[in-house]
Visitor: 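Have a look at this one before I ask anything.
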Amino acid sequence: MNMMRTAMLLAAMTALFVGIGYLLGGAGGMTIAFMVAAGMNLFAYWNSDKMVLRMHHAHEVDERSAPMLYGMVRDLARRADLPMPRVYVIENPQPNAFATGRNPENAAVAATTGLLDSLSRDEVAGVMAHELAHVKNRDTLTMTITATIAGAISMLANFALFFGGNRENGPGLIGSILIMILAPMAAALVQMAISRTREYSADRLGAEICGDPLALASALANLERGARRVVNADAEHNPATAHMFIVNPLSGQSMDNLFSTHPSMANRIAALEQMAGRPLSGGGGSGVGAGNSPWSALNGAGGRRGPWG
């Protein structure tokens, strides 16, 4: 169902692009805008993983520097029938995580120290399984295609006055101004709807990979509370990366609305509860606090911050 919904949304965005492009610039203007946007996003597709990891000051870990985390990801990747991704840790107190990479063979998963310090082992496994689900579903490819079309629509809208005003069958001055304002908004709404849909799919597949839907549900509840309490300065400086995280890292953006990149947490938890066949005890979340997780309990061993790195 989620794949069908994604396909329908992509078709709607494509139709929006074709309609606006032809209305404003005819076939020529539409082709030029698409080629420029595709070129920009092709560069981003090949380099976005390095760019995003650098933006959030992530450092790579291995089996020696982070044996528990690395071993967990390796086991989950084996269950998911995926190649071993690169594993990163982000020195950030907000509990969160994301996946990146252009395909499963060039994927990376990243978790913040806030996440590793505040969740139980089962909850961390649920989060990492969710991120591996994004890799398996090739969501980075889906979102790159979406970004390409959205970028082309925005580019056409920026040239609305030039294209629309010069063509005999164009929309005219008022119509061009309306297209210039409304077209990017419509594209952004569809783009966000696709992002929300992919989160539901990753939750379901992630629960299957880790084998415990309620562990992921508990993690989501704890992550949402943590994200509300702790500001993620890097995400605030780079809001375009917000859709990549398992929960919205931006302060004040946790509401479920048309302009949200993430679905409502209550809806995500309810879907996982339905999958498990029983509710999450205590209304959601294990309540594990910073310093009480098995990850932080071993901090300081051998002079390192802990088994995760």
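This chain uses plain numbering: 1 for the first residue, then up along the sequence.
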Visitor: Rounded at 0.5 Å granularity, tell me how far CG in L216 sits from CD1 in I269.
Guide: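 These two atoms lie 9.0 Å from each other.
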Visitor: Let me confirm one number: the CE-CG distance from M128 to L76, rounded to the nearest 0.5 Å.
Guide: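 Rounded to the nearest 0.5 Å, the CE-CG separation comes to 9.0 Å.
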Visitor: Do H130 and E199 have a side chain donor and acceptor closer than 3.5 Å?
Guide: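 Judged by distance alone, the side chains do pair up.
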Visitor: Indicate if M84 and V61 have the same hydrophobic cluster label, given that clusters are the connected sets of ILVMFWY residues with side-chain heavy-atom separations under 4.5 angstrom.
Guide: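 Yes; V61 is reachable from M84 via cluster members.
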Visitor: Kindly check if the number of other-residue, nucleotide or ligand heavy atoms within 6.0 Å of CD (Q274) is above 12?
Guide: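 Atom CD in Q274 is not packed in, count stays at 12 or less.
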Visitor: Kindly give the heavy-atom pair with the smallest separation between P95 and G226, and that separation in Å.
Guide: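 Closest heavy-atom pair between P95 and G226: CG-CA, 3.7 Å.
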Visitor: Mind checking whether R64 and Y70 have side chains closer than 4.5 Å, heavy atoms only?
Guide: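 No - every pair of side-chain heavy atoms lies 4.5 Å or more apart.
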Visitor: Any chance you could measure T100, atom OG1, to N106, atom CG, to the nearest 0.5 Å?
Guide: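 Rounded to the nearest 0.5 Å, the OG1-CG separation comes to 10.5 Å.
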Visitor: Flag the pair F98 / H56 as yes when their ring centroid distance falls below 6.0 Å, and as no otherwise.
Guide: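 Under 6.0 Å, so yes.
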Visitor: Counting N and O atoms only, with roles assigned by atom type, does the side chain of H57 sit under 3.5 Å from a partner on the main chain of I90, one being a donor and the other an acceptor?
Guide: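 Flag not set: sc H57 to bb I90 has no pair under 3.5 Å.
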Visitor: Evaluate the side-chain proximity of H59 to V89: yes if any heavy-atom separation is below 4.5 Å, no if none is.
Guide: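 Result yes, sub-4.5 Å side-chain heavy-atom pair found.
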Visitor: Tell me whether R79 contacts the main-chain N or O of I209 through its side chain, where contact means a donor paired with an acceptor under 3.5 Å.
Guide: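 Answer holds: yes.
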Visitor: Please examine the side chains of L53 and E60, heavy atoms only from C-beta on, and report whether any two atoms are closer than 4.5 Å.
Guide: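 Answer no - side chains too far apart.
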Visitor: With a 4.5 Å cut-off on side-chain heavy-atom distances among I, L, V, M, F, W and Y, is there a chain of contacts connecting V109 to L82?
Guide: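 Hydrophobic grouping puts V109 with L82.
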Visitor: Side chains of R204 and M275: closer than 4.5 Å at any heavy-atom pair?
Guide: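 Yes, close enough: below the 4.5 Å cut-off.
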Visitor: Before giving the answer on side chain to side chain contact (heavy atoms under 4.5 Å, CB included), spell out for S195 and R198 the whole-Å C-alpha distance, their side-chain angles and the decisive distance to 0.1 Å.
Guide: CA-CA 5 Å; S195 177; R198 304 319 304 149; 5.9 Å; no
Visitor: Nearest 0.5 angstrom please: S218 OG to L119 CG, how far?
Guide: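 Reported to 0.5 Å precision, the distance equals 7.5 Å.
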Visitor: Looking at every non-hydrogen atom in both residues, tell me the closest pair between H243 and H262 and how far apart they are.
Guide: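 The pair with the smallest heavy-atom distance is CA-CE1, 3.8 Å.
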Visitor: Quick one: closest heavy-atom pair of C210 and A125, and the distance?
Guide: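 Residues C210 and A125, closest heavy atoms: CB-O, 4.1 Å.
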Visitor: Looking only at atom types and distance, does a side-chain atom of E224 sit under 3.5 Å from a main-chain N or O of M265, one as donor and one as acceptor?
Guide: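 Side chain of E224 to backbone of M265, a donor-acceptor pair under 3.5 Å: no, none is there.
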Visitor: Which pair of non-hydrogen atoms, one from P249 and one from A242, has the smallest distance, and what is that distance?
Guide: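 Minimum heavy-atom contact is CD-O, 3.6 Å.
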Visitor: Run the side chain to side chain contact (heavy atoms under 4.5 Å, CB included) test on R268 and I246 for me, step by step, so that the C-alpha distance in whole Å, both residues' side-chain angles and the decisive distance to 0.1 Å come before the verdict.
Guide: CA-CA 11 Å; R268 293 174 70 179; I246 186 170; 3.8 Å; yes
Visitor: Would you say the side chain of R225 lies within less than 4.5 Å of the side chain of R228, judging by non-hydrogen atoms?
Guide: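 Sidechains of R225 and R228: no contact.
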Visitor: Check for a donor-acceptor pair, side chain of S118 on one end and backbone N or O of G114 on the other, with a separation under 3.5 Å.
Guide: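 A pair under 3.5 Å: yes.
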Visitor: Assess the residue pair V124 and M68 against the criterion (side chain to side chain contact (heavy atoms under 4.5 Å, CB included)); give the C-alpha distance rounded to whole Å, side-chain angles, the decisive distance to 0.1 Å, and a yes or no.
Guide: CA-CA 11 Å; V124 173; M68 289 178 67; over 6 Å; no
Visitor: Would you check if E131 and V135 make a side-chain contact, meaning some heavy-atom pair closer than 4.5 Å?
Guide: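 Contact flag for E131/V135 side chains = no.
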Visitor: Within this structure, what is the CG-CG distance for the pair N267 and L272, rounded to the nearest 0.5 Å?
Guide: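 Separation between the atoms: 11.0 Å.
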Visitor: Do E123 and L115 make a side-chain contact, defined as non-hydrogen atoms from C-beta onward lying under 4.5 Å apart?
Guide: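 Sidechains of L115 and E123: no contact.
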Visitor: Compare every heavy atom of Q94 with every heavy atom of A227, then report the nearest pair and how far apart it is.
Guide: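 Minimum heavy-atom separation between A227 and Q94: O-NE2, 3.5 Å.
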Visitor: Is any side-chain heavy atom of H134 closer than 4.5 Å to a side-chain heavy atom of M244?
Guide: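 Contact flag for H134/M244 side chains = no.
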Visitor: Please name the pair of heavy atoms, one in P85 and one in V73, separated by the smallest distance, quoted to 0.1 Å.
Guide: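 Shortest heavy-atom separation between P85 and V73 comes out as CG-CG1, 3.7 Å.
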Visitor: Find the distance between OG1 (T113) and CG (N96) and round it off to the nearest 0.5 Å.
Guide: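 Between atom OG1 of T113 and atom CG of N96 there are 11.5 Å.
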Visitor: Any side-chain to backbone donor/acceptor pair from N137 onto D139? Under 3.5 Å, distance only.
Guide: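 Such a contact is absent between N137 side chain and D139 backbone.
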Visitor: Find out if a path of hydrophobic residues (ILVMFWY) with successive side-chain heavy-atom gaps under 4.5 Å connects V247 to F245.
Guide: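 In one cluster: no.
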Visitor: Assess whether side chain to side chain contact (heavy atoms under 4.5 Å, CB included) is satisfied between D234 and N232, documenting all intermediate values.
Guide: CA-CA 6 Å; D234 289 332; N232 187 330; 3.8 Å; yes
